[in-house]
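Notes follow once the structure below has been shown.
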2 protein chains.
Amino acid sequence: MGRWEPDTRRRLAQAALELFIEQGYEATTVNQIAERAGGLTKTTFFRHFPDKREVLFAAGEQAHGRIVADAIAAAPDGATPLQAVAAALDALAAVFTEERREFSARLRAVILGNSELLERAALKRAALAEAMADALRKRDVPDLAASLSADLGTRAFYTAYDQWADTDNHEALVDLTRRTLDELRATLTTLG
Amino acid sequence: MGRWEPDTRRRLAQAALELFIEQGYEATTVNQIAERAGGLTKTTFFRHFPDKREVLFAAGEQAHGRIVADAIAAAPDGATPLQAVAAALDALAAVFTEERREFSARLRAVILGNSELLERAALKRAALAEAMADALRKRDVPDLAASLSADLGTRAFYTAYDQWADTDNHEALVDLTRRTLDELRATLTTLG
DNA sequence: GTCTATACAATGATAGAC
DNA sequence: GTCTATCATTGTATAGAC
């Protein structure tokens, strides 16, 4: 892995987001992205990203699955499933600092405007839930309880994320996710 | 809508599934599908299906979102959110009769073997949950409770569906979904 | 008015050179 | 690691056939 690979990757991701905002996702070709990233070609683009969509999701994003899995594994032995999930959401939300909010908002707007991107987003979301459920099962949480806790945590995270990225309040994502998770937990008893 | 349209559509869907099983999804071209469906060309294929993936999901499938939305709207006034969801799952599961089990199993195997198809499946699943949540909100169920009930119902349905399509027991899907939903409800109190 | 053929653009794979 | 070049396939647009 050469010294400049990360920079090329970053330039490609930035050029892509710019062009998607200016022209729309579909109207932008991979060649245009590569060109704007510094006279590159689509060959180079596809060396860094497996497909055109992934440039948006891999952008600032580490392996979110790893983050939640590690946090759940590191939760104290006596922690309940939802306490382990809460630790996972704390770790994940910590990635999205205030300085990334503007970027996240723009990214989200692009994704919401294109059905192909919504599809990829749905898969990422399912993968996040699956990572949480797997980590919980490794703590000997029964199958259904693990899946359900993971669904709850995923719902809490994205509900909070949408508010965080969409509004002008500056509340930290960590606080939003915690409050949302608490609200969801309270809601559990009202479902009948 | 011409008299023969449904038959062309059905032949295309059947040819597609056959070829995907024989050769794999990626190794099969749209032209091959059209050819096997009776000397057609890809133009005709794309008249019936918006893209190559959709031929698998639109196949036997009506609008599942409509089914669950109607069932939830038709639930009695006093029904709790989870009772309304239970009615939705009954209606949806009724579509999958025993004679469709073999077909569903083959379909599922093809989908599990390809990441593009998994992506589409994730979107369909999210759309189903969203349809349930929307229908619940129209019954004045609060936002978070509606989303959560829908997540629970979706989890119940797919957990049951996977068992139904994957095993040799002949239990009806309706019974499997009901039992799974009950188990999930019982699990709620164990999450901490 | 439904269906089909031809032409075309863009994604993504592959092979070879620097 | 990047570039050129070529290729197959998906998916669209347009115009025509039954």
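In what follows, chains are A, B, ... by sequence order, proteins preceding strands, each numbered from 1.
- The list of ring pair (Phe, Tyr, Trp, His ring centres under 6.0 Å) pairs with a residue in residues 173-192 of chain A, not counting sequence neighbours, is empty.
- For B/Val30, taking side-chain heavy atoms from C-beta onward, the closest of the listed nucleotides C/dT11, D/dT4, D/dT10 is D/dT10.
- Less than 4.0 Å separates DNA chain D from no heavy atom of any residue of residues 31-40 of chain B.
- In this structure, CG of A/Asp51 is placed 17 Å from P of C/dA10, rounded to the nearest angstrom.
- If you measure from atom CZ of A/Arg11 to atom P of D/dG1, you get 14 Å, rounded to the nearest angstrom.
- The 12-atom threshold is exceeded at CD of A/Glu22, counting heavy atoms of other residues, nucleotides or ligands nearer than 6.0 Å.
- Ring geometry for A/Tyr161 versus A/Trp164: interplanar angle of 30 to 60°, hence tilted.
- Cation-pi geometry between B/Lys52 and B/Phe46 is not met at under 6.0 angstrom from the ring centre and within 45 degrees of the axis.
- When rounded to the nearest whole Å, the span between CZ of B/Arg47 and C1' of D/dG16 equals 13 Å.
- Of the candidate nucleotides C/dT11, D/dT10, D/dC3, C/dT11 has the atom nearest to the side chain of A/Phe46.
- Distance OH (B/Tyr25) to P (C/dG12): 12 Å, rounded to an integer number of Å.
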Per-pair distances, 0.1 Å, donor-acceptor, side chain in residues 109-122 of chain A, under 3.5 Å, sequence neighbours excluded:
| residue | atom | partner | partner atom | Å |
| --- | --- | --- | --- | --- |
| A/Asn114 | OD1 | A/Glu116 | N | 2.9 |
| A/Asn114 | OD1 | A/Leu117 | N | 3.0 |
| A/Asn114 | ND2 | A/Glu26 | OE2 | 3.4 |
| A/Glu119 | OE1 | B/Arg120 | NE | 3.4 |
| A/Glu119 | OE2 | B/Arg53 | NH1 | 2.7 |
| A/Glu119 | OE2 | B/Arg120 | NE | 2.9 |
| A/Arg120 | NE | B/Glu119 | OE1 | 3.4 |
| A/Arg120 | NE | B/Glu119 | OE2 | 3.0 |
| A/Arg120 | NH1 | A/Asp51 | OD1 | 3.4 |
| A/Arg120 | NH1 | A/Glu54 | OE1 | 2.4 |
| A/Arg120 | NH2 | A/Asp51 | OD2 | 2.9 |

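- Taking side-chain N and O atoms only, A/His48 has a distance below 4.0 Å to OP1 or OP2 of D/dT2.
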Checklist line | Derivation and outcome, side-chain hydrogen bond (donor to acceptor under 3.5 Å, both in side chains), residues A/Gln32 and A/Arg36 | finding: CA-CA 6 Å; A/Gln32 287 178 306; A/Arg36 180 173 297 201; over 6 Å; no

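- Phosphate contact (OP1/OP2 of D/dC3, side-chain N/O of A/Thr41, threshold under 4.0 Å): present.
- Here the P atom of nucleotide D/dA8 and the CD atom of B/Glu26 are 17 Å apart, to the nearest Å.
- Between the CG atom of A/Asn114 and the P atom of D/dG11 there is a distance of 14 Å, rounded to whole Å.
- Across all strands, A/Thr43 comes closer than 4.0 Å to base atoms (heavy-atom distances).
- Between A/Phe49 atom CZ and D/dG1 atom C1' there is a gap of 15 Å when expressed in whole angstrom units.
- The one candidate from A/Phe96, A/Phe157, A/Tyr158 that meets the ring-ring contact (aromatic ring centres under 6.0 Å, His included) condition with A/His64 is A/Phe96.
- Judged by atom type and distance alone, A/Lys42 reaches the base of C/dG12 through a side-chain donor-acceptor pair under 3.5 Å.
- If you take CZ of B/Phe45 and P of C/dT4, they are 13 Å apart, rounded to a whole angstrom.
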